[in-house]
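See structure below.
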Amino acid sequence: MAAGVLVLANVTAASGDLIDAIRLRAEKGPIELTLLMPGKGPGIAGKEAVRARLDEALAAWRDAGFEAEGVCGDANPMDAVAETWDPHRHDEVIVSTLPGQTSRWIQGDLPSRIARLTGAPVTHVVANDMRPEPQAGPPPEHESSPLGPLGVLGWAGARK
């Protein structure tokens, strides 16, 4: 019998690191995948706003050899999981996030909160391949003050 794996991802849904993690999980035994992508706002319109990204991610998964059901969820990832989680259908959760402090999901300790909500094992995948490229080049030029470093004295405004 295949294990039901609920995968929660947003901008990282098509990342190579996530697909590699799914591949590693599939090596342990058969799985049935559900990709849950939180919406971009309230209601049906918010859920449908991510439909194109969800379809692109599912296509990338198919190219990697994985079939999955796709679900557009609530904009709040915890609410999305609460609405989608079915203990009769899902056995574990994979949460994919951006790296480091750029991820609000990491800042909010989302993987641990989902583990408490579901009571299921949660694997946290960091999509390092989605890390933004460092900005190279000279620093931006700033307008110089005619007073030089004394220009900060003008910050206080005119005194009477």
Side-chain angles (χ1 to χ4, degrees), residues 1-140:
M1 186 166 136
V5 180
L6 179 64
V7 180
L8 177 67
N10 197 336
V11 295
T12 63
S15 83
D17 288 334
L18 176 57
I19 291 171
D20 288 344
I22 292 169
R23 186 173 290 115
L24 284 172
R25 174 54 190 90
E27 289 174 0
K28 295 179 184 177
I31 56 176
E32 291 181 4
L33 296 165
T34 302
L35 172 57
L36 171 59
M37 186 173 290
K40 284 190 170 183
I44 304 257
K47 291 179 182 181
E48 289 305 311
V50 296
R51 176 64 60 186
R53 187 176 331 141
L54 177 69
D55 291 341
E56 288 173 16
L58 291 173
W61 288 20
R62 275 191 300 279
D63 291 346
F66 300 108
E67 288 297 322
E69 174 189 0
V71 177
C72 297
D74 190 271
N76 180 312
M78 281 300 293
D79 291 343
V81 171
E83 292 171 354
T84 308
W85 176 258
D86 179 356
H88 300 292
R89 187 169 168 226
H90 302 114
D91 301 298
E92 59 191 274
V93 181
I94 295 175
V95 178
S96 177
T97 67
L98 291 168
Q101 293 305 309
T102 59
S103 171
R104 290 181 299 186
W105 289 7
I106 291 175
Q107 291 172 4
D109 196 23
L110 188 64
S112 296
R113 291 171 48 216
I114 289 173
R116 286 191 302 272
L117 173 73
T118 63
V122 174
T123 302
H124 178 205
V125 175
V126 177
N128 285 310
D129 60 338
M130 305 281 297
R131 185 179 300 275
E133 291 295 321
Q135 297 295 324

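Note that the NZ atom of Lys47 and the CE atom of Met37 stand 14.5 Å from one another [nearest 0.5 Å]. In this structure, CE on Met78 lies 7.5 Å from CZ on Arg116, to the nearest 0.5 angstrom. Taken to the nearest 0.5 Å, the NE2 atom of His90 stands 4.5 Å off from the CG atom of Leu6. Put simply, SG on Cys72 and CZ on Arg51 are 3.5 Å apart, with the number rounded to the nearest 0.5 Å. Considering OG of Ser96 and NE2 of His124, their distance stands at 7.5 Å, rounded to 0.5 Å.
For the pair Phe66 and Ile19, the tightest heavy-atom approach, listed with the atom from each and the gap, is CE1-O, 4.2 Å. Contact detail for Val95 and Val93: the closest heavy-atom pair is CG2-CG1, 3.9 Å. Taking every heavy atom of both residues into account, Pro77 and Leu8 meet most closely at CB-CD2, 4.1 Å. When all heavy atoms of Ala9 and Pro38 are compared, the pair lying nearest together is O-CD, 3.6 Å. Of all non-hydrogen atoms in Pro99 and Ala127, the two that sit nearest each other are CD-O, 3.5 Å. Across all non-hydrogen atoms, the minimal contact from Leu18 to Thr12 is CD2-O, 3.8 Å.
The backbone N or O of Ile106 sits less than 3.5 Å from a side-chain atom of Ser103, completing a donor-acceptor pair. For the pair Trp61 (side chain) and Leu33 (backbone), a donor-acceptor distance under 3.5 Å is absent. At least one donor-acceptor pair under 3.5 Å links the side chain of Arg113 to the backbone N or O of Gly108. A donor-acceptor pair is defined here as one N or O able to donate and one able to accept, closer than 3.5 Å; such a pair exists between the side chain of Asp17 and the backbone of Asp129.
A 6.0 Å sphere centred on CZ of Arg104 holds no more than 12 heavy atoms belonging to other residues, nucleotides or ligands.
Looking at heavy atoms from C-beta onward, Val11 lies in side-chain contact with Leu98 at the 4.5 angstrom threshold. Considering only heavy atoms from C-beta on, Leu58 comes within 4.5 Å of Leu35 through its side chain. Contact check for Asp20 versus Val125: no side-chain heavy atoms found under the 4.5 Å cut-off.
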* To do: Run the numbers on Val5 and Ile94 for side chain to side chain contact (heavy atoms under 4.5 Å, CB included), then give the verdict.
  => CA-CA 7 Å; Val5 180; Ile94 295 175; 3.8 Å; yes
* **Stepwise salt bridge (Lys or Arg N to Asp or Glu O under 4.0 Å) test for Glu56 and Arg53** => CA-CA 5 Å; Glu56 288 173 16; Arg53 187 176 331 141; over 6 Å; no
* Asked: Should Asn10 and Thr97 be marked as a side chain to side chain contact (heavy atoms under 4.5 Å, CB included) after you check the CA-CA gap, both sets of side-chain angles, and the distance that decides it?
  -> CA-CA 8 Å; Asn10 197 336; Thr97 67; over 6 Å; no
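Salt-bridge formation is detected for the pair Arg25/Glu92: a Lys NZ or Arg NE/NH1/NH2 atom is positioned less than 4.0 Å from an Asp or Glu carboxylate oxygen.
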